[in-house]
S.K.: 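Take a look at the following structure, please.
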Amino acid sequence: MSFLPSDDGAFQWRGFMLDACRHFWPMEEVRRLVDGMALLKLNVLHFHLSEDQGWRFESKKWPKLTEIGAWRDETLVGRPAKWEDGNLYPESYKDKFDGKKHGGFYTQDELKELCAYAKKKGITVVPEIDMPGHMRAARAAYPELGYDGKVLKVGKAWGVYPEVLRVDELGLKFCKDILDELCEVFDSPYIHIGGDECPKSEWEESQTAREQLKEIGGKHMDELQRHFTTQIAAYLHEKGKKMLGWDEIIDGGVPGGDPIVVAWRDWTKAAQRSTAAGVQTIQAPGLLYFDHAQGPVDKEPLSIGPGADLEAVYAFDPYKGIEEEHKDLIYGMQAQIWTEYVPTIDHLWYMVFPRLIALADVAYLGDKRPSYEEFRKGLPARLEELKALGIGSHPL
Ligand code: ACM
């Protein structure tokens with residue numbers, strides 16, 4: 001059974017993820033995106049609302065999340081200097097910043113209105129608050145949310161910050177408070193809790209975290225994350241919601257609560273792993289990461305790196321590498337736009353379209369979609385329709 005509207009497509013979950021954290025998007029543009037998605041018969045807007053570099057969801061219980069956590073002093077220009085060494089710790093001394101404050105957030109009322117607006121167009125808005133990693137903005141607002149209580153600033157560079165959430169009683173209380181508010185605002189039956197890229201260095205250094213691990217009889221900190229995620233899933237279940245998380249949520253074993261995994265790592269290997277573990281899965285591999293360039297990187301504007309072109313997206317096979325007996329576990333697919341290297345809305349449309357049209361057709365028509373040549377022939381007219389909504393694209 002599906003909780004999603006417009007159930008008539010080849011795949012039930014036909015999604016698109018918008019990162020509103022690395023760069024903040026006015027609500028007007030989010031609505032425009034919803035208009036465009038509706039034209040393409042997509043039915044899920046996965047709205048990524050918390051990050052190291054900015055917290056975007058108004059909380060009445062934890063107001064400093066937006067008073068402090070929604071704003072960064074400045075933003076990295078270009079790439080983090082240390083990335084190339086494989087060291088993901090950002091803000092190295094060589095990095096350059098633009099000196100401009102950046103941020104913003106969505107009020108609960110605005111988000112409720114967005115949900116109602118999207119619903120009328122057959123789209124469910126699924127919110128994501130990332131926990132327990134990617135928490136630096138929340139930590140800047142409330143230093144007590146880290147085991148070490150360190151005072152931090154909202155992240156201003158790209159990469160994975162090592163500062164994460166404490167997952168003892170206080171961390172859990174924080175998450176439950178936020179989830180209470182999230183469930184109040186979003187009528188989606190699904191809540192995405194992130195769970196990706198949570199470095200364990202702080203936990204390993206913390207006596208409290210080490211004791212927690214011992215108490216649950218675990219050996220590796222991934223098991224502590226699993227324990228945390230299981231408690232979150234149970235809490236959401238009590239509230240009548242289903243939990244989704246990025247594929248890291250099964251690293252320490254599948255958490256309880258029958259979660260759905262959004263599989264992103266290693267192109268399509270993550271989905272092989274999650275389906276083999278019996279977990280319902282949404283395909284979101286690197287091929288569908290539209291923050292990656294859609295043409296040769298030397299001819300495209302700065303992006304996170306090389307990616308799939310339009311034809312490759314149209315040829316996407318969500319069952320590739322999935323065992324026959326696990327295919328039923330593929331719930332659908334989604335593309336994502338992470339916005340580190342996407343500073344303006346025009347650039348966002350440029351990165352997303354026309355690739356999102358290709359993905360939408362794979363998701364809606366499946367094997368019944370026409371040949372790539374036919375698809376290409378229809379594209380100019382479809383791009384015109386999007387243009388009439390104020391949505392641009394990469395040139396064909
Ligand atoms: C992710 O790209 N960190 C889910």
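First listed ligand is number 1; within each ligand, the first listed atom is number 1. Just so you know, these numbers use all the heavy atoms, side chains as well, and skip hydrogens, waters and symmetry mates.
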S.K.: Going by side-chain contact (heavy atoms from CB on, under 4.5 Å), name the residues that satisfy it together with D291, two or more places apart in sequence or in a different chain.
M.R.: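 Result, side-chain contact (heavy atoms from CB on, under 4.5 Å) vs D291: Y289, I304, I337, W338.
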S.K.: Taking atom CG of L356 and atom CG of L33, what is their separation to the nearest 0.5 Å?
M.R.: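 It is 7.5 Å, given to the nearest 0.5 Å.
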S.K.: Regarding R14 and the six-membered ring of Y364, is the cationic atom NZ or CZ under 6.0 Å from the ring centre and inside 45° of its axis?
M.R.: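 No, R14 does not lie over the aromatic ring of Y364.
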S.K.: State, with a plain yes or no, whether a side-chain heavy atom of F57 is found less than 4.5 Å away from one of L65.
M.R.: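 Contact flag for F57/L65 side chains = no.
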S.K.: Does ligand 1 have any N/O atom under 3.5 Å from a protein N/O, and what are those pairs and their distances?
M.R.:
| unit_1 | atom_1 | unit_2 | atom_2 | d |
| --- | --- | --- | --- | --- |
| ligand 1 | 2 (O) | Y289 | OH | 2.6 |
| ligand 1 | 3 (N) | D196 | OD2 | 2.7 |
| ligand 1 | 3 (N) | E197 | OE1 | 3.2 |

S.K.: Before we go on, tell me: are the rings of Y106 and F47 under 6.0 Å apart, centre to centre?
M.R.: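 Centroid separation for Y106 and F47: below 6.0 Å.
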S.K.: Should the pair D35-R31 be classified as a salt bridge under the 4.0 Å nitrogen-to-oxygen rule?
M.R.: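 No salt bridge links D35 with R31.
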